[in-house]
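What follows is one structure encoded as structure tokens, with my remarks underneath.
Letters A, B, ... are given to chains in the order of the sequence lines, protein chains preceding strands, and every chain is numbered from 1.
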Amino acid sequence: MSVERSELAPRYAAADVEPGIYERWVASGAFAPAAEPRPGARRFVIIQPPPNVTGALHLGHALTAYVEDIMVRYHRMRGDDTLWLPGVDHASIAAQFVLDRILAEEGESRQSLGRERYLERMWQFMDETRDMIGRQHRRLGASLDWSRLRFTMDDGSARAVRVAFKKLWDAGLAYRGEALVNWCPRCRTTISDLENIHSEETGSLWTIRYHLAGADGAPDPAQWVSVATTRPETIFGDTAVAVHPDDERYRPLVGREAILPFIGRRVPIISDEGVEPGFGTGAVKITPAHDFDDYAVAQQHALPMISILDEDARLTEGAGEFAGMDRYDARAAVVAALAAMGDLESERPHQMVIGRCDRCGTVVEPRLSVQWFVRVKPLADRALASVREGRTQILPDHFTKVYAHWMENIHDWAVGRQLWWGHRIPAWYCPDGHITVSDHEAGPEACATCGRSASELRQETDIFDTWFSSGLWPFSTLGWPDETADLGRFYPTSVMETAYEILFFWVARMMMLGLFCMDVEPFHTVYLHGLVRDPYGRKMSKTKGNVVDPLEMIDEVGADALRFALVSGNSPGVDQRLTDAKVAGGRNFTNKLWNAARFVLGSRPDPLAEPEGEPSLPERWIRSRLAEAVARATAQLDGLELAAYVSTAYELAWSDYCDWFLEMAKVELRRDDASPGKRARIWRGVAGALGELLRILHPLMPFVTEEIWGRLHAIDPSSTHGEPLLMSAAWPTGRTRDEAAEADVSVLVALVRGVRNLRTEAGVPASTWLPLTIVPTDATARATIEHGLDLVGALARVRPLELRPAGDDAARPESVLSTPVAIGWLGEVGRTAAHADERRGAAEEHLRRGIDRLRTLVAGEFATRAPAEVVERERARLAELESELRLLTGG
RNA sequence: GGGCGGCUAGCUCAGCUGGUUAGAGCACUUGCUUGACAUGCAAGAGGUCACUGGUUCGAGUCCAGUGUCGCCCACCA
């Protein structure tokens, strides 16, 4: 097959190229690891952070997929035993939130459908979004092993959840108990501390009077204690008033009783160190069931705890006339009533910290209830030690401190959720109140304590926090609790790559549960990427309307361009702004590759003769550049320095391959006297180097490189080493540099640059051919230039080109060209003595300054104190400058 | 209230364990229908590396402090 010009449009059009490539990859079966690992192969495993099945992928997902895909494609090409396992997360609370909204639009609700129909509806919704997420990953080019696709609600995960929980229970690390927890009245569930988002808000601080009990036990209208509160509606739950023990104002009151307004309950006035005398009135109402501080005080003083809010945050019976009111309506009503009674002393604006539900934004209510908890302290200690002792490394490094701080101050994890969509906690209650935890799908056969039969047991209705199943992800996906082949082969995994936002939510939990269940850290490296922000640095959000759909962007510029834009110049842990300019940069680079390929494919001599002769200098040079780039790219990819790899690849392609190598190759290909064999030799060099370049670029630009590779393979399989699919080609290794070729080309490049520079300075258009006379500085340079005369001529657009013997004085007086390799003059241009002197003067000045600086440096303490090689480098540099200066001045 | 991070060219950002004259992309200036590419080519200009002090032969890089922006954690009514 030969490549027709018409097939290759001058602009890269993603829509024409990308469709079909992904299918070819999938069909090749190369996404999945081989049935058996190659003997001695290294292992590289990434378990994909499962996106929530709640909707479309956003740019953060795209970044995740790109970073991981680069790593994975690289390792696959290296021949490592590579697995990238995809999955999706059932996201219980988030999913319910989304589905509830959809149902509301349909005029239905969770309650109207009932548990069974609701869950049916949820599965249907999940199936749709799961497919969509799969399709989206394909567009991104994510080379995930779809044969191992997992879901956090599939049977395997369900079993892992049961077994893990049973294991925790048996170890005494899971328990059920009464405690104050965060309650979202809208989601109607408990949430963890992490899902309770604190922010500073302005509310009110009211000062209200609690009258003291008189001698007759009735409220004494003349005596009262004033308390400051932000939550007057909770007075019905008060069980004490507290003051500081040293507060003189209140000392006489301690031990007496205050009477709550409206309901007349008598509560003790107690003293507690925790009260801040300077705040408010110095007296605090204590509401143990609705405030974390007060809860602690109540425990210490053995105060009763009275709940006065129901699950919808409405006041209960205990609130007397206010019962049934919403908490905020009740607040207003209570304040109004107190004012009417003359017991409201003041109201003023107050800055305070409010907790809101991460999911729905509703103000979270502390609520006293019986809950399931995991005692995480012992797990956290191990997870922290793993990182401290380097068995797991976090990138960037400074997140280690953040992780450590969290692990050190960790609270028990409230794992129960009063939701429907999720894994039900595998605990059963018998009528006598015994608890049996079972990891059998069908539940226990009998009560573990009293032996009552299964039919008398009732399963817990609470489900698990969605992060519980996510915490098992690195091994539940590989078949745990069974000792599967995959588990043995791929656990522990290599890199956990995810957003730093979920370090606590997820990474920390995987570390704790991974160590607990498997005894081995789930991954050796945690690579945390930053947020993708809009061009103004704002977080993307639907409400701001600044969300960018990755797929729309791909429609516009192609998947490779987006990948380049997201990955280039992006370092771990740092947020980045995605700008149009950056995306355009990616598009331009894709196009550049496309066009370089057009040139290479279109310049194949037809027929292609048997190559003859030795590799030309440009070919040797590009081979050496490729070798150097491959060495660097390899080190960078191994070290997870993705941005550095990207710039290595970019420079190699654009600067070395396109700007210099192809330009030199053109000269050689167009040489009139070249024989078919020579021409073939040159073209093969160009094509072979392209093949090598494509391998290096493939992880970064998978689509365009695969397409070009395919076309190259079609017309010259030797350039692809007979491998039809780039993604299955080998990463280059064992390439050696050619120092001589690099030195020679840098001589020619210096000369060409010198001429171009001069030409621009003199205002001569690049299109004008000019005569050039040069005097090389030494024999080596002379030989190099002599061999590269036609290259210099063509690249610098000089003709005729005359080489004078070294030391030819005729050149010196009027010389206008000064490079490290030659001096000379460009015919007809700038030949005035003034111009020449000016140029020479400037060059001389520059050299003298450099020499002075280095002489002082080398003469000082530097010479004795600095390492020998550093000193040597400076000395060599000095000698170089001195010889240039001699040359320039003829001294 | 604790902790973390950023401050490098007009803009967005790289600069690993301190070692030549601090880099890239975009923007800017000047020229270019150069037989792959104007989504391009060539040549340029542009930085007291936030500030102060210290360590060192040598500091953008290490230490201390200051300023400023941002983030995370935290039960003060």
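Taking the side chain of A:His350 as heavy atoms from C-beta on, and the options B:G19, B:A36, B:A77, the nearest nucleotide is B:A77. Comparing B:A43, B:A36, B:U34 by their nearest atom to the side chain of A:Thr760 picks out B:A43. Listed nucleotides B:A36, B:U34, B:C57 differ in distance to A:Arg865; the shortest reach to its side chain belongs to B:C57. Of the candidates B:C37, B:A43, B:C73, the closest approach to any side-chain atom of A:Leu194 belongs to B:C73. Among the nucleotides B:A74, B:C41, B:C73, the one closest to any side-chain atom of A:Val353 is B:A74.
Here the separation of B:U30 from B:A45, taken at their P atoms, is 15 Å to the nearest Å. Taking the C1' atom of each, B:A59 and B:G53 are spaced 13 Å apart, rounded to whole Å. Atom P of B:G18 sits at a distance of 15 Å from the matching atom of B:G58, rounded to the whole Å.
For the side chain to side chain contact (heavy atoms under 4.5 Å, CB included) with A:Ile270, the qualifying choice from A:Val297, A:Val243, A:Val241 is A:Val297, the only one to do so. With A:Tyr657 as the partner, the side chain to side chain contact (heavy atoms under 4.5 Å, CB included) test is satisfied by one option alone out of A:Leu652, A:Leu690, A:Leu593: A:Leu690.
Separating the CZ atom of A:Arg756 from the P atom of B:U30 is a distance of 21 Å, rounded to the nearest angstrom. For the pair A:Phe862 CZ and B:G18 C1', the interatomic distance rounds to 12 Å; values are reported in whole Å. Distance A:Tyr500 OH to B:C71 P: 9 Å, rounded to the nearest Å. Rounding to whole angstrom units, CG of residue A:Asn588 and P of B:U39 are separated by 8 Å. We find that CG of A:Asp294 is positioned 7 Å from C1' of B:A77, with the value rounded to whole Å. Remark: C1' of B:G70 and NE2 of A:His398 are 12 Å apart, rounded to the nearest angstrom. In this structure, CG of A:Asp534 is placed 18 Å from P of B:C11, rounded to the nearest angstrom. One atom, CD1 of A:Ile410, and another, C1' of B:C73, lie 13 Å apart when rounded to the nearest Å.
At least one side-chain heavy atom of A:Glu273 sits less than 4.5 Å from a side-chain heavy atom of A:His244. A:Gln576 places a side-chain heavy atom less than 4.5 Å from the side chain of A:Leu63.
Interface remark: the A:Glu663 side chain does not form any donor-acceptor pair with the B:A42 base, using a distance-only criterion of under 3.5 Å. Not a single donor-acceptor contact under 3.5 angstrom links the side-chain atoms of A:Lys401 to the base of B:C4.
Across all strands shown, B:A36 forms no Watson-Crick or G-U wobble pair with both distances under 3.5 Å. B:A42: Watson-Crick or G-U partner is B:U30, with both key distances under 3.5 Å.
If you find the closest nucleotide of RNA chain B to A:His405 and to A:Arg11, the one lying nearer the 5' end belongs to A:Arg11.
Annotation: cation-pi geometry not satisfied between A:Lys592 and A:Tyr650 (NZ/CZ under 6.0 angstrom from ring centroid, within 45° of ring axis).
Of all heavy-atom pairs between A:Met305 and A:Leu368, the closest is CB-CD2, 3.8 Å. In terms of heavy-atom proximity, A:Ala689 sits nearest to A:Phe661 at CB-CE2, 4.2 Å. Taking each heavy atom of A:Thr768 and A:Arg759 in turn, the nearest pair found is O-NH1, 2.7 Å.
One finds a side-chain N or O of A:Trp654 lying less than 4.0 angstrom from the OP1 or OP2 phosphate oxygen of B:C41. At B:A36, none of the side-chain N or O atoms of A:Arg598 fall inside 4.0 Å of OP1 or OP2 (strictly under the cut-off). Residue A:Asn591 places none of its side-chain N or O atoms closer than 4.0 Å to OP1 or OP2 of B:G40.
Among the heavy atoms of the strands lying under 4.0 Å from A:Phe504 are primed sugar atoms or P, OP1, OP2 only; no base atom is included.
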For nucleotides 12-17 of chain B, give me every protein contact, N/O to N/O, under 3.5 Å, one pair per line with atom names.
from	atom 1	to	atom 2	distance (Å)
B:C13	O2'	A:Gly569	O	3.2
B:A14	OP1	A:Ser571	OG	2.8

